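Notes follow once the structure below has been shown.
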Amino acid sequence: MSDQELKLETMRHSASHVMAEAVVSLFPGARLGIGPATSEGFYYDFDLPHPLTSEDLPAVEAEMKRIVAADLPFVREEVDRAQARRLFEAQPYKLELIDDLSDESLSIYRQGSLIDLCRGPHLDSTGQIGAFKLLNIAGAYWRGDERRPMLQRIYGTAFATQAELDDYVKKLAEIEARDHRKLARQLDLISFHEEAGAGLAYWHPRGGLMRVLIEDYWRRQHYEGGYDIIFTPHIGRAHLWETSGHLNFYKDGMYSPMDIDGQDYYIKPMNCPFHIMIYKTRLRSYRDLPLRWAELGTVYRYERSGTLHGLLRVRGFTQDDAHIFCTPEQIEEEILRVLDFSLNMLRGFGFDDYKVELSVRDPQKPEKYAGSDAMWGQAESSLVKALTARNLAYQRQEGEAVFYGPKIDIKIMDALGRPWQCSTIQFDFNIPERFDLTYIGEDGRQQRPYMVHRALLGSLERFFGVLVEHYAGAFPVWLSPVQVVIIPISDRHLDYARQVEAELRSDGLRVQVDARPERMNLKIREAQLQKVPYMLVIGDKEVTASQVSVRLRSGEDLGKQSIAEFGAAVRAAIAARK
RNA sequence: GCCAGCGUAGCUCAGCGGUAGAGCAGCGGUUUCGUAAACCGCGGGUCGGGGGUUCGAUUCCCUUCGCUGGCUCCA
């Protein structure tokens with residue numbers, strides 16, 4: 001952490017203490033949870049007799065301003081456990097924290113009327129807190145545990161200067177303006193329906209067209225990348241899910257079974273067991289491997305109602321799934337290949353900035369994991385080698401691997417610098433074992449293949465939501481549902497407009513003529529709001545010159561061009577995936 | 001699932017005990033117009049669903065569904 005970051009974090013942490021003092025003075029009897037700084041600001045958790053609403057925030061903020069203006073010093077003291085227990089005797093959550101700390105001497109901070117158990121550091125005094133603002137309130141379980149009491153959390157943020165705070169507030173407004181839930185409605189892409197069920201997305205014609213474009217690109221890339229594309233059913237017998245283990249370790253994510261001829265069938269939450277079925281249709285030789293099988297597989301998972309969020313968290317979604325079956329000797333090359341393939345795919349959609357995480361097992365608890373030490377060792381080293389070979393910075397996360405294998409997660413960074421988890425490349429040491437997958441090796445004996453599970457876009461729904469937010473709805477030309485809107489100034493320009501339309505259509509462009517008896521200004525405005533990349537204004541001058549006037553959605557006026565010239569420019573932009 | 005808030009016309013929102021309103025959109029006209037909203041008129045809502053309190057509920061209470069912000073979890 002840089003000095004500057006530490007300073008900011010310290011200030012935010014101090015601000016959270018000031019907020020605690022303000023809340024305690026406004027709501028006597030408040031019990032304090034914890035109040036740390038976060039990457040964006042700070043929060044404090046309270047157990048209050050009174051349920052907080054956003055209407056309480058101005059009063060808290062005003063009280064905080066008073067405390068800041070009073071410039072109260074933050075005073076650090078060291079106390080022993082007994083003293084600490086006495087000081088916080090009315091604060092059960094603090095007592096629990098004290099009991100969990102092993103140190104004999106504990107630090108406390110005082111400022112004004114507040115005493116808090118806290119490691120620090122803090123500012124010298126409340127007056128050093130810069131510009132701050134309370135943002136929202138939310139429920140939060142004590143220590144993140146849903147079996148513990150639900151506390152009330154107030155989120156806020158603070159910056160050294162008012163200008164920085166203003167920028168941050170502006171950024172929040174920008175995030176809101178890009179919200180895919182709002183844009184998906186405005187651009188007529190996607191809807192959800194209360195009467196039809198929560199967390200289930202409906203793709204409208206324009207959204208559907210974009211999805212087709214995404215899928216077509218995806219399929220082409222996969223065939224070029226050495227994958228085969230398969231299709232599997234949506235439901236499978238209980239027996240399958242018992243074998244795969246899903247009925248043991250993933251039951252909470254699965255929907256109740258349906259009865260078909262006296263047998264339980266489950267709708268699939270994952271595609272892997274189905275791909276396995278295909279693998280097992282014949283004896284596989286080492287000569288057949290690697291097999292790379294991809295599927296746009298639609299799965300359904302139970303997600304708790306409170307976690308649903310537009311397209312980013314739904315109950316039914318299509319994964320761009322694939323399973324790679326290979327020999328241990330092939331694994332390094334396969335990992336490198338899938339890593340390159342992923343990054344290339346993401347770049348195709350305009351994502352050039354990534355955050356990579358390598359999740360490995362907890363070395364202390366080898367018994368928690370499926371697969372042998374040797375397999376984990378080889379898997380991990382092949383992942384590391386691939387990352388190193390491509391010079392990718394990554395964060396190693398000890399103990400974050402799933403029980404069945406280590407993995408690489410790639411988070412794409414959007415235009416606002418927010419990370420989104422989409423791609424994941426996971427080893428699976430569990431399923432091949434459970435389904436007794438084999439191939440005949442060079443030695444003529446049965447061997448166990450390695451299996452790698454990977455999704456690049458993650459789910460089409462989430463990826464689409466991320467695309468909307470990344471581009472704020474102004475998609476690259478190749479993805480824009482309507483690429484060109486032709487705007488005749490008056491009815492007498494319609495014939496020529498139709499001619500331009502036909503010509504551009506024959507070039508494969510998605511073109512529409514706005515033939516309504518409306519004014520040009522209105523048509524421009526609406527095309528602009530629909531984020532159409534090109535607007536062609538056609539009046540007397542254009543008809544006479546056999547040209548078109550090109551306006552971009554940026555507002556830029558490119559002036560007059562010939563139809564051929566314009567068509568070529570658009571085709572070039574499409575080819576460059578701009 | 002849990003805590004808090006919110007569900008009023010297609011959208012954005014006002015009204016909050018006496019039976020519903022605006023702007024935009026839609027529809028019908030008039031206007032044929034040079035780079036982000038022409039003008040006039042009309043229709044449109046069992047005020048999310050169910051139950052209760054009340055002479056009377058969009059307004060108060062309960063319940064249910066959905067949404068929002070979080071917690072938890074993940075593609």
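Atom set for the values below is all heavy atoms of this structure, side chains included, hydrogens, waters and symmetry mates excluded. Chain letters run A, B, ... following the sequence lines, proteins first, then strands; residues in each count from 1. Quick caveat: nothing in here was measured; it's all calculated off a predicted structure.
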Heavy atoms only, 4.0 Å cut-off, all strands: where does [X] land among base, sugar-phosphate and nothing?
X: A/Phe46; result: nothing
X: A/Ala455; result: nothing
X: A/His309; result: sugar-phosphate
X: A/Arg153; result: sugar-phosphate
X: A/Asp491; result: base
X: A/Leu308; result: sugar-phosphate
X: A/Val299; result: nothing
X: A/Phe463; result: nothing
X: A/Glu303; result: base

Any strand: nucleotide that pairs with B/U30 via Watson-Crick or wobble, under 3.5 Å: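 Matched B/U30 with B/A38 under the 3.5 Å cut-off.
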Between [N] ([atom2]) and [X] ([atom1]): distance, integer Å:
X: A/Ile214; N: B/A75; atom1: CD1; atom2: P; answer: 20 Å
X: A/Leu134; N: B/G69; atom1: CG; atom2: P; answer: 19 Å
X: A/Tyr141; N: B/C73; atom1: OH; atom2: C1'; answer: 11 Å
X: A/Asn136; N: B/G69; atom1: CG; atom2: P; answer: 9 Å
X: A/Arg147; N: B/C73; atom1: CZ; atom2: P; answer: 11 Å
X: A/Glu295; N: B/A75; atom1: CD; atom2: P; answer: 17 Å
X: A/Lys182; N: B/C67; atom1: NZ; atom2: P; answer: 19 Å
X: A/Gln426; N: B/A75; atom1: CD; atom2: C1'; answer: 10 Å

Tabulated below should be each protein N or O lying under 3.5 Å from an N or O of nucleotides 3-6 of chain B; please produce it.
from	atom 1	to	atom 2	distance (Å)
B/C3	O2	A/Gly139	N	3.2
B/A4	O2'	A/Leu52	O	3.4

Phosphate OP1/OP2 of B/G69 contacted by A/Arg181 side-chain N/O (<4.0 Å):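 For B/G69, OP1/OP2 do have a side-chain N/O of A/Arg181 under 4.0 Å.
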side-chain N/O A/Tyr302 vs B/C73 OP1/OP2, d < 4.0 Å: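 So the side chain of A/Tyr302 is outside the cut-off, no N or O lying under 4.0 Å from OP1 or OP2 of B/C73.
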On a heavy-atom basis, which atom in [X] and which in [Y] lie closest, and how many Å separate them?
X: A/Gly33; Y: A/Tyr93; answer: CA-CB, 4.3 Å
X: A/Phe349; Y: A/Leu467; answer: O-CD2, 4.1 Å
X: A/Glu542; Y: A/Ser549; answer: OE2-OG, 2.5 Å
X: A/Ser244; Y: A/Asn430; answer: O-ND2, 4.0 Å
X: A/His13; Y: A/Ala37; answer: N-CB, 3.9 Å
X: A/Arg337; Y: A/Gly225; answer: NH2-O, 3.1 Å

Partner of A/Glu469 under salt bridge (charged side-chain N to carboxylate O under 4.0 Å, His left out), chosen from A/Arg418, A/Arg462, A/Arg178: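 Among A/Arg418, A/Arg462, A/Arg178, the one meeting salt bridge (charged side-chain N to carboxylate O under 4.0 Å, His left out) with A/Glu469 is A/Arg418.
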Nucleotide N/O of nucleotides 7-14 of chain B paired with protein N/O under 3.5 Å:
from	atom 1	to	atom 2	distance (Å)
B/U12	OP1	A/Arg185	NH2	2.8

Please state the [atom1] separation for the pair [N] and [M] - nearest whole angstrom.
N: B/A9; M: B/C47; atom1: P; answer: 10 Å
N: B/C24; M: B/A37; atom1: P; answer: 14 Å
N: B/G18; M: B/A57; atom1: P; answer: 11 Å
N: B/A20; M: B/U59; atom1: P; answer: 14 Å
N: B/G49; M: B/U32; atom1: C1'; answer: 50 Å
N: B/G21; M: B/C65; atom1: C1'; answer: 27 Å
N: B/C27; M: B/G10; atom1: C1'; answer: 13 Å
N: B/A22; M: B/G34; atom1: P; answer: 33 Å

Salt-bridge criterion met for A/Lys94 and A/Asp116 (N-O under 4.0 Å):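 Salt bridge between A/Lys94 and A/Asp116, a charged N being under 4.0 Å from a carboxylate O: yes.
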Could you tell me if [X] sits above the aromatic ring of [Y], with its cationic atom closer than 6.0 Å to the ring centre and no more than 45 degrees from the axis?
X: A/Arg153; Y: A/Tyr43; result: yes
X: A/Arg12; Y: A/Phe132; result: no
X: A/Lys407; Y: A/Phe427; result: no

Whether A/Phe317 stacks on the six-membered ring of B/A75 base, 5.5 Å and 30° limits: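 Yes, A/Phe317 stacks on the base of B/A75.
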Comparing A/Asp409 and A/Arg143 on RNA chain B - which has the more 5′ nearest nucleotide: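 Comparing both residues, the 5'-ward one is A/Arg143.
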Position toward the 5' end of RNA chain B (nearest nucleotide), A/Val402 or A/Ala198: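 By nearest-heavy-atom nucleotide position, the 5'-most residue is A/Ala198.
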Presence of donor-acceptor pair under 3.5 Å, side chain of A/Arg313 and base of B/C74: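 Answer is yes: a donor-acceptor pair is held.
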A/Asp320 side, atom CG; A/Met345 side, atom CE - distance, nearest 0.5 Å: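 Answer for the CG-CE pair, A/Asp320 versus A/Met345, is 6.5 Å.
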Within 6.0 Å of CG in A/Asp495, more than 12 heavy atoms from elsewhere: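 Check fails, neighbour count at 12 or below.
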side-chain hydrogen bond (donor to acceptor under 3.5 Å, both in side chains) evaluation trace for A/Gln530 with A/Arg553: CA-CA 9 Å; A/Gln530 286 299 306; A/Arg553 61 188 160 191; over 6 Å; no
B/S/- contact track for nucleotides 33-45 of chain B, protein heavy atom under 4.0 Å: BBBBBB-------
